[in-house]
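Data block below; observations after.
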Amino acid sequence: MRFKSISIFILCIGLYACQSEEQSLSISIVPQVEEITNQDGHFELTKSTSLFVNNESINTIAELIQNKFKTVSGDDISIVNEKPKTNYISFELNKDLKLKEEAYQLKVEATSVNISASSKSGLFYGLQTLLQLLPPQIENPKYVHGVKWQIPCVTINDAPRFPWRGMHLDVCRHFVPVENIKKHLDMMAMFKMNTFHWHLTEDQAWRIEIKKYPLLTEIGSKRIEGDGSEYGGFYTQQEVKEIVAYAAERFITVVPEIELPGHALAALTAYPEYSCTGGPFIVRNTWGVEPDVYCAGREETFAFLADIIDEVVELFPSPYFHIGGDECPKERWEECKHCQARIKNEGLKDTHELQSYFIKRIEKVLLAHDKKMIGWDEILEGGLAKSAAVMSWRGEKGGIDAAAQGHDIVMTPGNWCYLDHYQGDSRVEPVAIGGYTTLEETYSYEPVPEQLQADMAHHVLGTQGNVWSEYMYTPELVEYRVYPRIIALAEVNWSQKSKKDYADFVQRLNAQFIRMDAHNINYHIPLAEGPVNKMVYENNIKVNFSNTRDLKMVYTTDGTKPSLESSEYKNTLLFAEDKTIKIACVLPTGKMGPYRTIELVQQDKINALDVTTTQIGLQEQFTKGRFIGVEEIVGIKDWETRHDSMSVVKGKKRDGHENPSASIYTGYIEIPEDGIYEFETNLDQFFIAEQLLIDNDKEVKRFSRNNSTINLSKGKHPVKLIYLNNNIGGFPQAWNGPKVSFRLWGAEKFTTATPQSYSY
Ligand code: ACM
Ligand code: ZN
């Protein structure tokens, strides 16, 4: 017998037809298992292999591999109730083994494979490990030619570290169709995750059918976007049942979230009588938090929510029910006579205690249904309901405090667990909400905070990735943000702390990329970072690239798309003539990520203008109206000319998007010294020295994503700035302090132009 370390090299991965002994022996299990012993030899799954089950109730688990094998090989293998002498995969449910829930043992020998567990979930996870020991093409959705379905001989004992291994998904800001949710559930199962937290209601949409209140979806599931288009979608109860059943087959519990008392505008648009003011409202079409919330003073509000809960609990067998509880502004409650009367009559101190009162009333409704309540950490404020579990998102403190009070907690602090964050340079990645959380940072998360007393650590149920979809405009963008970071959290949740090893995880991830390819998952592959899209130079230029995972990069300079045969980027590139660089990262599997295009353009220094100006700031031409793109202002004649000394300065916001308008600013900018400058702006367009340097037309201008460079001499240069006060993709331009910033190329910090930088 030979003992090997589990981090065996991945040989030949990506070469689908490669059938060397080494390939069949390569082991890349994610999440890492608790104990593994490798032996020589392998078992081969063929059409004469049988699937033995010792209990009919586990047929469905055996059918999962039966179906996969049929798909990739075309062969039917049979499920039998008598153990064959040889060439079988056995699934044995054995309570006498006394393994923990979800734990399993797997033994692969040359003539048989044995999976045993004391729970069905354990057998299911044993099967997931077995599937990961097979060549990754076992996940293919169609016939695969020429693969030998070999499984290396191993003995594995495995069990999860935490019972709550979750992924949250906000389907309100952007709708995720049933088929796409099933893809996520498939991935969750593959990586032994067991909790899908489904965020179903929001200010921006109500997405679950409630038969007693049909307007919740008739009105609440749709919104008119800032550009005038309608956006909508919801799940019928039938579809909800379908998802819950699909998840259950994969041992995933679906926890519904019905947000209260805040984040409720879509419901209140449909039923304004449960608000403080009585409305009317419109479903919110910008991100952020709505001040109108459920009225805590009106009795009818509680009856309405109890009716909704009555229907929702019927659909979800989950022991937990998530009631939101986060970000509930108190301003309406402060003004509302019903809410104030409630505070007085119940002897509450303030509106924070009123929120606690609200949650405790809902807790009673849930307890009557035998459901455990879970909410975001704001439910601690004003006193935590007795039976509540807490999901800690604003850092770890909420979780620590709740656990110290004896409550169960799920740790989802933003810095590690918010998968809406950027995972690369915000100047080149698709627009995101902000933050910056690399795969490695997510992987580094430790769900049991150091500050937690050891005897309270058992209150940590686990962690989950939170997927807020404001800036995930399509299901593909959801996948881009979720994968592979969620897999890092899967390992954080499942594997023992002592088994964590990022470098080894990254190696094991390579096989998972091939599996995800088979499921057509649009996982993130880093972009080549460094230069912006247009790089000017005077005589020659050095160009440096890097990426967030130190992947190989390939590039061309002849305008063609890069391929695996293109030159590999190794060190600084030096050019003395105009070129177009196209560059992409390549995974060890051989898959290339999206390529970037960088134009290198020779430019002589642009002379400053010898002009005399008399006013600090810029001249503004202003007109009212909703303009989505710059071309829409071309024919406008009705401009008001005014002096502007402030509004293009950081931090000074304009009227809200409810008062849409367009502004064109003109004047000169003072450039402090000769040099090649990188400019950035969140305006729609920025012209300097008669060139359109930055064009953000029709983009979501949350961050500057089209930085560019120009070769300027010291002194005054003419500028034109176009600012459309509109709402694109839920982000109102009015939330930006409009600004233009610049730095000498390569300098660390940007300088933001101030009124004194401009004159006319
Ligand atoms: C949250 O991110 N508002 C829970
Ligand atoms: Zn009220």
Side-chain angles (χ1 to χ4, degrees), residues 532 534-539 601-624 627 630 633-655 661-697 701 704 706-725 733 736-747 749-760:
V532 296
K534 181 180 170 194
M535 297 294 303
V536 302
Y537 64 94
E538 204 160 304
N539 299 310
V601 182
Q602 194 283 330
Q603 191 174 67
D604 292 334
K605 200 156 293 308
I606 300 171
N607 289 330
L609 295 189
D610 186 14
V611 287
T612 306
T613 54
T614 57
Q615 305 270 348
I616 295 295
L618 292 168
Q619 188 170 57
E620 179 184 8
Q621 286 180 289
F622 172 85
T623 193
K624 289 186 178 159
F627 306 101
V630 170
I633 62 172
V634 172
I636 302 289
K637 303 238 162 28
D638 184 20
W639 295 96
E640 177 194 340
T641 300
R642 55 197 204 184
H643 171 71
D644 182 273
S645 66
M646 284 304 290
S647 64
V648 289
V649 177
K650 180 183 173 190
K652 173 77 165 70
K653 300 189 180 180
R654 305 299 304 263
D655 284 352
S661 62
S663 298
I664 303 172
Y665 304 90
T666 49
Y668 299 89
I669 191 168
E670 186 75 31
I671 294 299
E673 58 180 298
D674 288 5
I676 290 177
Y677 285 85
E678 176 186 356
F679 276 81
E680 70 172 23
T681 184
N682 52 18
L683 286 110
D684 294 72
Q685 288 186 335
F686 173 66
F687 294 77
I688 181 166
E690 315 295 338
Q691 297 180 27
L692 172 56
L693 191 70
I694 300 184
D695 189 0
N696 295 325
D697 193 21
K701 284 167 282 289
S704 177
N706 293 294
N707 290 13
S708 193
T709 56
I710 187 164
N711 189 6
L712 298 173
S713 53
K714 174 175 160 55
K716 287 188 175 58
H717 292 269
V719 290
K720 180 165 87 169
L721 286 58
I722 297 181
Y723 175 98
L724 303 181
N725 181 8
Q733 180 63 307
N736 270 329
K739 63 173 180 172
V740 172
S741 305
F742 54 89
R743 62 182 171 188
L744 280 168
W745 173 254
K749 286 211 169 86
F750 280 96
T751 302
T752 296
T754 65
Q756 283 68 33
S757 312
Y758 298 115
S759 62
Y760 68 95

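Being a predicted model, the structure only gives us computed values, none of them experimental. Quick note: numbers below take in every heavy atom, side chains included, and nothing from hydrogens, waters or symmetry partners.
- In plain terms, the two heavy atoms of N696 and K701 that are nearest each other are O-NZ, 3.6 Å.
- Closest approach of F742 to A753, counting heavy atoms only: CE2-CB, 4.3 Å.
- The shortest distance between side-chain heavy atoms of N682 and P738 falls below 4.5 Å.
- L618 and Y668 get closest at one heavy-atom pair: CD2-N, 4.1 Å.
- From E690, atom CD reaches atom NZ of K720 across 9.0 Å, with rounding to the nearest 0.5 Å.
- Residue A662 comes nearest to I633 through the heavy atom pair CB-CG2, 3.8 Å, listed as atom of the first residue, atom of the second, then distance.
- Heavy-atom minimum distance, T709 versus L693: O-CD1, 3.5 Å.
- Considering V536, L744, I688 in turn, I688 is the only one that fulfils the side chain to side chain contact (heavy atoms under 4.5 Å, CB included) rule with L712.
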- Message: Before you tell me yes or no, could you show the steps for N711 and E538 under side chain to side chain contact (heavy atoms under 4.5 Å, CB included), namely the whole-Å CA-CA distance, both residues' side-chain angles and the distance that decides it to 0.1 Å?
- Response: CA-CA 8 Å; N711 189 6; E538 204 160 304; 2.7 Å; yes
- Message: Please determine whether side chain to side chain contact (heavy atoms under 4.5 Å, CB included) holds for the pair E670 and S759, giving the CA-CA distance in whole Å, both sets of side-chain angles, and the decisive distance to 0.1 Å.
- Response: CA-CA 8 Å; E670 186 75 31; S759 62; 5.7 Å; no
- Message: Run W745 and M535 through side chain to side chain contact (heavy atoms under 4.5 Å, CB included) and show every step you take.
- Response: CA-CA 9 Å; W745 173 254; M535 297 294 303; 3.4 Å; yes
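- Q603 meets the side-chain hydrogen bond (donor to acceptor under 3.5 Å, both in side chains) test with no other residue; sequence neighbours excluded.
- Nearest heavy atom pair, residue R743 against residue K749, reads CB-O, 3.2 Å.
- The aromatic rings of Y760 and H643 sit tilted, their planes meeting at an angle between 30° and 60°.
- A side-chain donor-acceptor contact under 3.5 Å links D695 and Q685.
- By the side-chain hydrogen bond (donor to acceptor under 3.5 Å, both in side chains) test, Y537 pairs with D578, sequence neighbours left out.
- By the 30° and 60° cut-offs, the orientation of the rings of Y665 relative to Y723 is perpendicular.
- Around the NZ atom of K605, the shell of radius 6.0 Å holds more than 12 heavy atoms that belong to other residues, nucleotides or ligands.
- At a threshold of 4.5 Å between non-hydrogen side-chain atoms, the residues H717 and I710 do not count as touching.
- By the 4.5 Å heavy-atom criterion applied to side chains, D604 and Q602 are counted as neighbours.
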- Given the rule in the side chain to side chain contact (heavy atoms under 4.5 Å, CB included) test, do F679 and V719 qualify, once you have shown the distances and angles that lead to the verdict? CA-CA 12 Å; F679 276 81; V719 290; over 6 Å; no
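- In this structure, the side chains of E680 and F686 stay at 4.5 Å or more apart for every pair of heavy atoms.
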